Amino acid sequence: MTKKGRWWELVKGLFAENPVFCIILGLCPTLAVSTSLDNAVGMGAAATFVLLGSNIIISLIRKKTPDKIRIPIFIVVIASFVTIVSLLMQAFTPALNKALGIYIPLIVVNCIIFGRAEAYASKHDVIDSVMDGLGMGIGFTLSLLLISGIREFLGTGSLKLFGITLINTPLNPSMMFILAPGALLVMGLLLGLFAHIRNRKSEKTCCEAKE
Amino acid sequence: MSASLWAIIIGAIFVNNFILTRFLGLCPFFGVSKKTKPAFGMGLAVIFVMALASIVTWAAYNWILVPLKIEYLQIIVFILVIATLVQFVELFLKKANPILYKSLGIYLPLITTNCAVLGVALLNVQEDYSFINATVFGAAAGIGFTLALLLMSGIRERLELSKVPKAFDGLPIAFIVAALMSMAFLAFSGMIQ
């Protein structure tokens, strides 16, 4: 594989095959924890770590994995990494861990991670899988940041990242955006916007499955 | 029936509806909600599996993990238990009730990766529910899931016939419909405390 090819593996996750907006995967955590930028960073980092770890291990054992029982094997690998992340977060970032709650253990059933293991890591070598995992993870984090940025700004009137105020407005915030309906509304509008952009570019569709 | 049990049932169906306020199980919610009939089948399968999974994971946690002091393994144990359980239910139904199997069959494997089922197991542990409470919570959460799924499928059947702006066709409009439903469900939040 050429150098350019490797970079493509990393970059494709950011826009062309963005897991949230293009392949519509991993919705549950995306909508549930996207109430503030802090949560988005925490969730994104946790998911990226799991994605990277499981992609590496699954790609390393891909030739020794019997095809028939590959799914239970993948699940055990992913669940192990999720347990590692969950224990690390309990120890080092208790506040964040509390805010994310059961959505950290629920990374196990996040379709992004399982999807990448099945569709990519089980068929490609380690370096490509690392790039793929990293790209998908960053793409996931960016989408989370976008949604939670919009929700936090509209719902609280200001943007904060780890205690530092980025933007502060005296506007009267609309509570609805931090509550559950806000997540669905913002997601629906963003999907509509991306669909509109895609329609404008018509034949150069962004979401053709490459695998 | 005691008051706390009622609170659990109402809480799981309306106030903290699994789909509309906790965002658990969104993939099947958007995937299987195009027609009412399959939505109903999926809902029944989810109620059944969630109640059963609550019982089995409760037993696994309190009788195996706690005495051995290996609670930190709960994620791995739960996901494996649920996956095995779904396989067994599938095998059993195939033999015992082929008609029910035919109507639920295709949805059962989908449920393994449904975060609502793992979510219910984790919430049971988090809330420290007793055996009865955990079972009731599992079934009620499944009923709440089915309710949201059925309402959504009814709306989407109508939506097929209406004119939607091109950019919003398909998923985007479904999200906005779900947002409106979720807003309506917010009104239930005063029902408990």
Side-chain angles (χ1 to χ4, degrees), chain A residues 21 24-34 71-72 74-87 90 101-115 118 175-177 179-200, chain B residues 16-27 29-31 72-80 82-84 87 109 111-127 164-186 189:
Chain A
F21 291 118
I24 325 268
L25 285 181
L27 286 177
C28 309
T30 311
L31 297 183
V33 304
S34 60
I71 290 172
F74 292 170
I75 289 179
V76 172
V77 170
I78 294 169
S80 313
F81 276 102
V82 173
T83 309
I84 296 172
V85 164
S86 154
L87 292 176
Q90 274 170 35
I102 62 162
Y103 296 99
I104 290 289
L106 281 179
I107 296 176
V108 181
V109 281
N110 189 322
C111 346
I112 297 176
I113 292 163
F114 197 79
E118 168 75 19
M175 268 294 285
M176 191 200 82
F177 281 96
L179 296 173
L184 292 163
L185 191 62
V186 169
M187 186 72 190
L189 292 175
L190 282 176
L191 280 178
L193 175 69
F194 288 127
H196 179 66
I197 296 172
R198 247 196 328 275
N199 288 345
R200 296 269 302 261
Chain B
N16 287 316
N17 186 290
F18 258 52
I19 292 178
L20 296 172
T21 55
R22 284 198 210 267
F23 299 122
L24 295 173
L26 282 177
C27 303
F29 179 62
F30 287 113
Y72 60 88
L73 284 181
Q74 56 163 312
I75 302 172
I76 300 181
V77 170
F78 283 0
I79 189 90
L80 289 180
I82 290 169
T84 324
Q87 289 281 316
I111 292 175
T112 320
T113 50
N114 183 339
C115 33
V117 179
L118 186 61
V120 99
L122 292 166
L123 282 170
N124 281 334
V125 170
Q126 199 183 54
E127 303 282 327
V164 178
K166 200 178 161 216
F168 279 91
D169 203 24
L171 264 185
I173 192 75
F175 269 96
I176 289 170
V177 168
L180 296 174
M181 278 169 64
S182 166
M183 229 183 276
F185 267 69
L186 268 189
S189 62

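Keep in mind it's a predicted model, so treat the numbers as computed, not measured. Residue numbering restarts at 1 for every chain, and letters A, B, ... go by the order of the sequence lines.
Heavy-atom minimum distance, Ala195(A) versus Ala167(B): CB-O, 3.2 Å. Heavy atoms only, all atoms of each residue included: Gly188(A) and Pro172(B) are closest at O-CB, 3.6 Å.
Taking OH of Tyr103(A) as the start and CG of Leu122(B) as the end, the distance is 11.0 Å to the nearest 0.5 Å. Note that CG of Leu20(B) is 7.0 Å distant from CG of Leu184(A), once rounded to the nearest 0.5 Å. Here NZ of Lys166(B) is found 4.0 Å from CG of Asn199(A). Values are rounded to the nearest 0.5 Å. Remark: Tyr72(B) OH to Leu87(A) CG distance equals 8.5 Å, nearest 0.5 Å. The distance from the CG atom of Leu106(A) to the CG atom of Leu123(B) is 8.0 Å, given to the nearest 0.5 Å. Rounding to the nearest 0.5 angstrom, the gap separating the CG atom in Leu185(A) from the CD1 atom in Ile176(B) is 6.0 Å.
Only the side chain of Phe30(B) comes within contact range of chain A, judged by heavy atoms closer than 4.5 Å. When heavy atoms are compared at a cutoff of 4.5 Å, Leu179(A) approaches chain B solely by way of its side chain, counted from C-beta outward. For Leu118(B), the parts lying under 4.5 angstrom from a heavy atom of chain A are both the backbone and the side chain.
Counting heavy-atom pairs under 4.5 Å between each of Leu31(A), Thr83(A), Leu189(A) and chain B puts Leu31(A) at the top. Contact tally against chain A (heavy-atom pairs below 4.5 Å) for Phe23(B), Phe29(B), Phe168(B), Phe78(B): the top residue is Phe23(B). Ranked by heavy-atom pairs under 4.5 Å with chain A, the list Leu24(B), Ile173(B), Asp169(B) is led by Leu24(B). Among Ile76(B), Val125(B), Thr21(B), the residue making the largest number of heavy-atom pairs under 4.5 Å with chain A is Ile76(B).
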